[in-house]
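Working notes, structure below.
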Amino acid sequence: MTKPIYILNGPNLNLLGTRQTHIYGAATLADLDKRTAERAGKAGFSTVFRQSNREGELVDWIQEAREAASAVIVNAAAYSHTSVAILDALLAVDLPVVEVHLSNIHRRETFRHHSYVSAAADGVIVGLGAQGYELAVDAAVALVQSRATKAS
């Protein structure tokens with residue numbers, strides 16, 4: 001049985017659809033959960049979709065993914081720019097990691113231009129809104145399949 005793709009979301013993403021829609025769009029977190037589950041399902045994968053406002057909980061889920069997941073998609077939100085703990089947890093995961101951001105962090109405030117998460121990511125998708133999550137699923141699936149091919 002194929003292990004699920006973990007999709008982990010950081011602080012304030014529970015407010016999607018109501019918070020700064022001019023930046024983050026109208027899609028809710030539930031919409032993203034549904035869209036990613038459908039996209040992954042078409043490729044034969046399930047998803048574990050979670051959100052937390054607490055850094056330590058995200059670290060715990062990343063550590064859980066080491067054994068339970070086939071890949072990790074992460075939007076660490078504000079923690080992307082501040083959390084060495086999340087970076088270290090991702091570096092300890094021997095899995096494909098895709099970082100995703102709804103907005104283009106490089107067109108925003110200077111402090112958002114640097115992401116610690118990027119140092120652990122196989123790829124980064126920014127600025128494509130909700131579609132970025134679906135593309136992250138496609139990338140995660142491709143990375144998992146590529147690793148399986150190389151291993152066989």
Side-chain angles (χ1 to χ4, degrees), residues 3-25 27-33 35-37 39-40 45-148 150:
K3 293 179 181 179
I5 298 169
Y6 272 43
I7 303 170
L8 305 178
N9 297 280
N12 299 309
L13 291 173
N14 55 306
L15 301 176
L16 287 178
T18 61
R19 172 184 172 241
Q20 296 173 293
T21 56
H22 64 288
I23 295 173
Y24 301 110
T28 65
L29 199 62
D31 294 334
L32 296 178
D33 183 4
R35 289 171 73 162
T36 55
R39 189 70 157 242
F45 288 81
S46 62
T47 58
V48 172
F49 193 96
R50 296 175 176 163
Q51 185 275 331
S52 181
N53 293 321
R54 292 176 297 286
E55 182 180 31
E57 189 164 36
L58 290 164
V59 169
D60 289 342
W61 291 338
I62 293 165
Q63 291 178 1
E64 176 186 311
R66 293 178 72 203
E67 299 297 324
S70 60
V72 175
I73 296 170
V74 61
N75 181 347
Y79 289 138
S80 302
H81 319 294
T82 64
S83 181
V84 174
I86 290 174
L87 167 62
D88 286 347
L90 289 167
L91 289 171
V93 173
D94 187 25
L95 297 171
V97 174
V98 179
E99 179 181 12
V100 64
H101 294 280
L102 293 160
S103 68
N104 184 345
I105 61 175
H106 305 289
R107 293 184 69 186
R108 298 189 59 199
E109 303 92 339
T110 303
F111 72 88
R112 295 185 197 273
H113 296 182
H114 178 264
S115 168
Y116 286 99
V117 172
S118 294
D122 292 285
V124 180
I125 299 170
V126 300
L128 298 177
Q131 182 185 15
Y133 274 75
E134 293 172 280
L135 296 172
V137 169
D138 294 344
V141 167
L143 289 164
V144 169
Q145 292 171 340
S146 176
R147 282 192 182 195
K150 288 178 184 175

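Contact record, A27 with L16: O-CB, 3.4 Å, taken as the closest heavy-atom pair. The shortest heavy-atom contact between T47 and A40 is CG2-CB, 3.5 Å. The minimum heavy-atom distance between V117 and A76, with the atom names listed, is CG2-CB, 3.9 Å. In this structure, A119 and L87 approach most closely via the heavy-atom pair CB-CD1, 3.8 Å. Closest non-hydrogen pair, D122 versus P96, comes out as OD2-CA, 3.2 Å. The nearest pair of heavy atoms linking A140 to I5 is CB-CD1, 4.3 Å.
Separation of atoms CG (L95) and CZ (R147) is listed at 6.5 Å; rounding is to 0.5 Å. The line from CG of L15 to CG of N53 is 7.5 Å long, rounded to the nearest 0.5 Å. Residue L29 holds its CG atom at 4.0 Å from CZ of F49, rounded to the nearest 0.5 Å. Here the straight-line distance linking atom CG of D88 with atom OH of Y116 works out to 11.0 Å at 0.5 Å rounding. Once rounded to the nearest 0.5 Å, the distance linking CG of L32 with CG of L13 reads 8.5 Å. Distance check: I7 CD1 to D33 CG gives 7.5 Å after rounding to the nearest 0.5 Å.
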Can you give the donor-acceptor pairs under 3.5 Å from side chains of residues 64-73 to other protein atoms, not counting sequence neighbours?
from	atom 1	to	atom 2	distance (Å)
E64	OE1	R50	NH1	3.4
E64	OE2	Y6	OH	2.5
E64	OE2	R50	NH1	3.1
E64	OE2	R50	NH2	3.1
R66	NE	A92	O	3.1
S70	OG	K3	O	3.0
S70	OG	P4	O	3.3

Using residues 56-63 as the side-chain source, report each donor-acceptor pair under 3.5 Å to any protein atom, sequence neighbours left out, with the distance given to one decimal.
from	atom 1	to	atom 2	distance (Å)
E57	OE1	S52	OG	2.6
E57	OE1	R54	NH2	2.9

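Pairs of residues two or more places apart, or lying in two chains, that qualify as side chain to side chain donor-acceptor pair (under 3.5 Å) and include a residue from residues 91-100 are E99-H101, E99-S115, E99-S118.
Proximity of V98 to L135: side-chain heavy atoms (C-beta onward) are nowhere separated by under 4.5 Å.
Of the listed residues (D31, N9, T36), just one forms a side-chain hydrogen bond (donor to acceptor under 3.5 Å, both in side chains) with Y133, and that residue is N9.
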